[in-house]
Amino acid sequence: MRFLGYAALLVSVSTLAGCGNDVDVELVWAGPPDAGSGGTVSVDGFATLQENVDEHWEGSAAMAAAEFLRLDERTVVRTTIDAKASAEGMGPQTVTVTLDGLVDDSVRAERWTLAFEQEGETYGLTNALREQRCQPGRGHQDFSADDCV
């Protein structure tokens, strides 16, 4: 029965999507997907969002990083954002975001390394890496893509 409800919802959404400009759909980013092997995180969904919105945060790699990570919804003791650009201040940028003091019994901190390419006046996310540091006694104490226990 639940399947039929989902199917009906899908048909309704598909029908509305075919209505052209009569329906406004707000695209919402729910945050990064889970990391894959080696800590790599897919940026495809965020790239699609960036192609379909015109937001103020796209003009800054650091602000785009905050949006990608949904920092407005995170609960941590300390957030550090370190953005590095090429010598001319234009072109590719690397943003490292460290979230320390997570409310988690295994993971103490996360470090995200995000690579951005400048496209005109906006910064597009091209790569994302998530590493973590474990709580004392719960695994590695250096940042690593390895899981904590």
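None of these values were measured; they are calculated from a predicted model. Counting begins at 1 with the first residue of the sequence.
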S.K.: Would you find more than 12 non-hydrogen atoms of other residues, nucleotides or ligands less than 6.0 Å from Glu121 atom CD?
M.R.: no
S.K.: Where is the tightest heavy-atom contact between Gln135 and Asp104, given as atom of each residue plus distance?
M.R.: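 Here Gln135 and Asp104 meet closest at NE2-O, 2.9 Å.
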S.K.: Considering only heavy atoms from C-beta outward, does the side chain of Gln50 approach that of Glu58 to under 4.5 Å?
M.R.: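 Result yes, sub-4.5 Å side-chain heavy-atom pair found.
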S.K.: Compare every heavy atom of Gln132 with every heavy atom of Asp147, then report the nearest pair and how far apart it is.
M.R.: CA-NE2, 3.2 Å
S.K.: Go through the steps to decide whether Asp82 and Val95 satisfy the test side chain to side chain contact (heavy atoms under 4.5 Å, CB included), and finish with yes or no.
M.R.: CA-CA 6 Å; Asp82 181 29; Val95 179; over 6 Å; no
S.K.: Less than 3.5 Å apart, any donor N or O on the side chain of Thr98 or Arg111 sitting next to an acceptor on the other?
M.R.: no
S.K.: Please check if the side chain of Ser60 supplies one atom and the backbone of Trp57 the other of a donor-acceptor pair under 3.5 Å.
M.R.: no
S.K.: What are the two closest non-hydrogen atoms of Val41 and Arg130, and how far apart are they?
M.R.: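 What the structure gives for the nearest pair is CG2-CB, 4.1 Å.
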S.K.: Does Leu114 share a hydrophobic cluster with Val53, counting links as ILVMFWY side-chain heavy atoms below 4.5 Å and allowing steps through other members?
M.R.: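 Same hydrophobic cluster.
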S.K.: Hydrophobic clustering (ILVMFWY, side-chain heavy atoms < 4.5 Å, transitive) - are Leu129 and Phe46 grouped together?
M.R.: no
S.K.: A quick test of your reading: do over 12 heavy atoms of other residues, nucleotides or ligands sit less than 6.0 Å from CG of Asn52?
M.R.: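 Atom CG in Asn52 is crowded, with more than 12 foreign heavy atoms closer than 6.0 Å.
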S.K.: Between Arg133 and Phe143, what is the shortest heavy-atom contact and its length?
M.R.: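 Here Arg133 and Phe143 meet closest at NH2-CE1, 3.1 Å.
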S.K.: How close do Phe116 and Ala64 get, heavy atom to heavy atom, and via which atoms?
M.R.: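 Smallest interatomic distance, heavy atoms only, reads CE2-CB, 3.6 Å.
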S.K.: Could you give me the CA-CA distance, side-chain angles and deciding distance for Thr79 and Val97, then say whether side chain to side chain contact (heavy atoms under 4.5 Å, CB included) is met?
M.R.: CA-CA 7 Å; Thr79 302; Val97 179; 4.3 Å; yes
S.K.: Has Asp105 got more than 12 heavy atoms of other residues, nucleotides or ligands less than 6.0 Å from its CG?
M.R.: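 Yes.
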S.K.: Nearest 0.5 Å, what's the CG-CG distance between Leu99 and Leu71?
M.R.: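 One gets 6.0 Å once the value is rounded to the nearest 0.5 Å.
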S.K.: Listed by chain and number, what are the salt bridge (charged side-chain N to carboxylate O under 4.0 Å, His left out) partners of Arg74, not counting sequence neighbours?
M.R.: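 Checked Arg74 against salt bridge (charged side-chain N to carboxylate O under 4.0 Å, His left out); matches are Glu110.
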S.K.: For the atom pair CZ (Arg138) and CZ (Arg108), what is the distance rounded to the nearest 0.5 Å?
M.R.: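 Answer for the CZ-CZ pair, Arg138 versus Arg108, is 14.0 Å.
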S.K.: For the atom pair CG (Leu49) and CG (Asp44), what is the distance rounded to the nearest 0.5 Å?
M.R.: 12.5 Å
S.K.: Give a yes or no on whether the backbone of Ser86 and the side-chain of Gln93 come within a donor-acceptor separation of less than 3.5 Å.
M.R.: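 Answer holds: no.
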S.K.: What distance separates Ser144 OG from Glu131 CD, expressed to the nearest 0.5 Å?
M.R.: 7.0 Å
S.K.: Can you name the residues that form a side chain to side chain contact (heavy atoms under 4.5 Å, CB included) with Gln118, not counting sequence neighbours?
M.R.: Met90, Tyr123
S.K.: Does Ser106 reach the main-chain N or O of Val149 with its side chain, forming a donor-acceptor pair under 3.5 Å?
M.R.: yes
S.K.: Taking His140 for the side chain and Asp146 for the main chain, is one N or O donor matched with an acceptor at less than 3.5 Å?
M.R.: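 Yes: the side chain of His140 pairs with the backbone of Asp146.
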S.K.: For the CG atom on Asp34, are there more than 12 heavy atoms of other groups (residues, nucleotides or ligands in this structure) within a distance under 6.0 Å?
M.R.: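 Count not over threshold, so no.
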S.K.: Are any side-chain N or O atoms of Glu73 and backbone N or O atoms of Arg70, one a donor and one an acceptor, separated by less than 3.5 Å?
M.R.: no
S.K.: How far apart are the closest heavy atoms of Val43 and Asn127, and which atoms are they?
M.R.: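 The answer is CG1-C, 4.0 Å.
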S.K.: With rounding to the nearest 0.5 angstrom, report the CH2 to CG distance, Trp112 to Leu69.
M.R.: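 It is 5.5 Å, given to the nearest 0.5 Å.
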S.K.: Treating Thr122 as the side-chain partner and Gly59 as the backbone partner, does any N or O pair qualify as donor plus acceptor under 3.5 Å?
M.R.: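 Here the side-chain-to-backbone pair does not exist.
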